[in-house]
Amino acid sequence: MPAVTRTTRAGWIDAGLAALASGGPDAVRIEPLAAGLGVTKGGFYRRFKDRRALLDALLETWTRGRIAAIEQQTALGDATAAERLKSVIRLYSERVNPEGLAIELAIRQWARSDRAAAAAVARVDTARLRGVEQLYVRMGLSSEDAQARAVLFYAFIFGQGLMFPDQPPRKRAALMIACADILTR
C-alpha cells in the first residue's frame with residue numbers, strides 16, 4: 001500500500017477493520033496499527049480524537065457498507081423478487097468472503113458488550129431483513145409471513161457460510177440450489 005494511502009483516515013480504518021477481523025476490538029490498538037502502516041502514532045491523532053473515535057469510524061464504515069450492499073442486492077431491476085432472492089443466495093454461497101465473515105463475526109461478538117456495536121448490528125440487521133421482507137411481500141406473502149421468511153433467509157445465508165466451509169463445491173452447490181428453491185417458493 002503506498003504511504004499516502006496508508007496515512008489517510010481511510011487507511012487507518014482499513015487497518016482497523018483488518019485488526020478487528022483477526023482479533024476483535026481488543027486488537028484495534030493505535031501503536032500496532034501505526035507500526036503496521038509504517039507511520040508514527042502522531043498521524044493517528046491528526047485523524048482521530050482517540051481510539052474510541054476510530055472504533056466508532058469502524059462501526060460507521062461497516063454499517064454504511066453493509067446497508068449499501070443489501071440495498072443493491074435486493075433492488076429488483078429487471079429481475080423478479082424470486083430471482084433476486086436466488087441471486088442473493090448465490091452471491092453469499094458462491095463467493096464466500098473470509099475477511100468479510102471475520103469482520104461480521106467480530107462485530108457481532110463485540111456487540112454483546114458494547115452499545116455502539118450493538119446499535120450498528122441492529123441497523124444492519126434491520127436493513128437486511130427489511131430488504132428481503134419487501135421481496136417476499138412482492139412474491140405475495142403477508143407482512144407477517146414475509147418477516148418470518150426473511151429471518152429464515154438470513155439465518156440460512158449466514159449459517160451456511162459457517163456450517164459448510166470445507167464441503168466439496170459440487171455437493172455444496174447442489175445443497176444451495178435446493179435451499180434456494182425452498183426459500184423462494
Side-chain angles (χ1 to χ4, degrees), residues 10 13-14 17-18 20-21 24-25 55-185:
I13 291 170
D14 289 344
L17 286 170
L20 182 68
L55 293 173
D56 290 343
L58 298 180
L59 291 172
E60 179 57 32
T61 298
W62 178 76
T63 301
R64 238 187 3 257
R66 295 299 80 225
I67 291 173
I70 194 58
E71 287 173 353
Q72 180 183 16
Q73 293 161 1
T74 58
L76 281 177
D78 293 335
T80 66
E83 290 168 341
R84 180 55 53 206
L85 288 167
K86 285 182 181 183
S87 174
V88 173
I89 291 170
R90 272 193 312 277
L91 175 70
Y92 281 92
S93 63
E94 292 174 0
R95 292 187 356 206
V96 176
N97 176 350
E99 184 179 26
L101 186 56
I103 292 169
E104 178 93 23
L105 292 174
I107 289 176
R108 286 185 177 281
Q109 182 63 29
W110 181 17
R112 295 169 55 114
S113 62
D114 182 273
R115 274 191 237 177
V121 167
R123 284 192 306 274
V124 168
D125 286 349
T126 297
R128 284 175 171 156
L129 293 171
R130 184 177 43 240
V132 170
E133 180 185 336
Q134 290 171 355
L135 292 174
Y136 280 122
V137 166
R138 284 183 173 262
M139 291 174 62
L141 273 67
S142 70
S143 180
E144 295 80 21
D145 288 345
Q147 286 176 340
R149 190 76 70 97
V151 169
L152 290 173
F153 183 91
Y154 271 105
F156 167 72
I157 290 288
F158 289 109
Q160 62 86 28
L162 295 170
M163 292 174 61
F164 309 116
D166 299 325
Q167 195 167 62
R170 181 177 264 159
K171 185 174 183 179
R172 181 183 169 116
L175 180 60
M176 295 306 109
I177 290 169
C179 290
D181 286 343
I182 291 168
L183 287 168
T184 57
R185 283 189 198 142

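Positions are given from 1, in the same order as the sequence printed here.
Interatomic distance, Leu58 CG to Ile107 CD1, rounded to the nearest 0.5 Å: 7.5 Å. In this structure, CG in Leu183 is found 5.0 Å from CD1 in Ile89, a value given to the nearest 0.5 Å. The CG atom of Leu135 sits 5.5 Å away from the CG atom of Leu76 when rounded to the nearest 0.5 Å. With values rounded to the nearest 0.5 angstrom, Gln109 atom CD is found 12.0 Å from Asp114 atom CG. Here the CZ-CD distance, from Arg66 to Glu104, works out to 7.5 Å after rounding to the nearest 0.5 Å. Of the inter-residue distances, the one linking Asp125 atom CG with Arg108 atom CZ reads 4.0 Å to the nearest 0.5 angstrom.
The closest side-chain heavy-atom distance from Trp62 to Ile13 is not below 4.5 Å. In this structure the side chain of Leu129 reaches within 4.5 angstrom of the side chain of Tyr154, judged on heavy atoms. Side-chain contact between Gln134 and Thr74 is absent, with no heavy atoms from C-beta onward closer than 4.5 Å. In this structure, the side chains of Glu133 and Ser143 come closer than 4.5 Å at one or more pairs of heavy atoms. Side-chain contact check for Phe156 versus Ile182: every heavy-atom pair is 4.5 Å or farther apart. Using a 4.5 Å heavy-atom cutoff, the side chains of Leu55 and Leu20 are not in contact. In this structure the side chain of Lys86 reaches within 4.5 angstrom of the side chain of Asp181, judged on heavy atoms.
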Using the side-chain contact (heavy atoms from CB on, under 4.5 Å) rule, take Trp110 and Val121 through it: C-alpha gap first, then chi angles, then the decisive distance, then the call. CA-CA 10 Å; Trp110 181 17; Val121 167; over 6 Å; no
Verdict with supporting geometry, Phe153 and Thr184, side-chain contact (heavy atoms from CB on, under 4.5 Å): CA-CA 9 Å; Phe153 183 91; Thr184 57; 5.6 Å; no
- Task: With side-chain contact (heavy atoms from CB on, under 4.5 Å) as the test, would you mind laying out the steps for Ile157 and Arg128 before giving the verdict?
- Result: CA-CA 11 Å; Ile157 290 288; Arg128 284 175 171 156; over 6 Å; no
message = Checking Val132 against Val88 for the side-chain contact (heavy atoms from CB on, under 4.5 Å) test, could you report, in this order, the C-alpha distance in whole Å, the side-chain angles of both residues, the deciding distance, and whether it holds?
response = CA-CA 9 Å; Val132 170; Val88 173; 5.6 Å; no
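No side-chain donor-acceptor contact under 3.5 Å links Ser87 to the backbone of Glu83. At distances below 3.5 Å, at least one donor-acceptor pair connects side-chain atoms of Arg84 with backbone N or O atoms of Ala75.
Pairing each heavy atom of Ile67 with each of Ala127, the nearest pair is CG1-CB, 3.7 Å. Closest of all the heavy-atom pairs between Gly24 and Ala106 is CA-CB, 4.3 Å. Of all non-hydrogen atoms in Val137 and Ala146, the two that sit nearest each other are CG2-CB, 3.6 Å.
At most 12 heavy atoms of other shown residues, nucleotides or ligands fall within 6.0 angstrom of atom CZ in Arg138.
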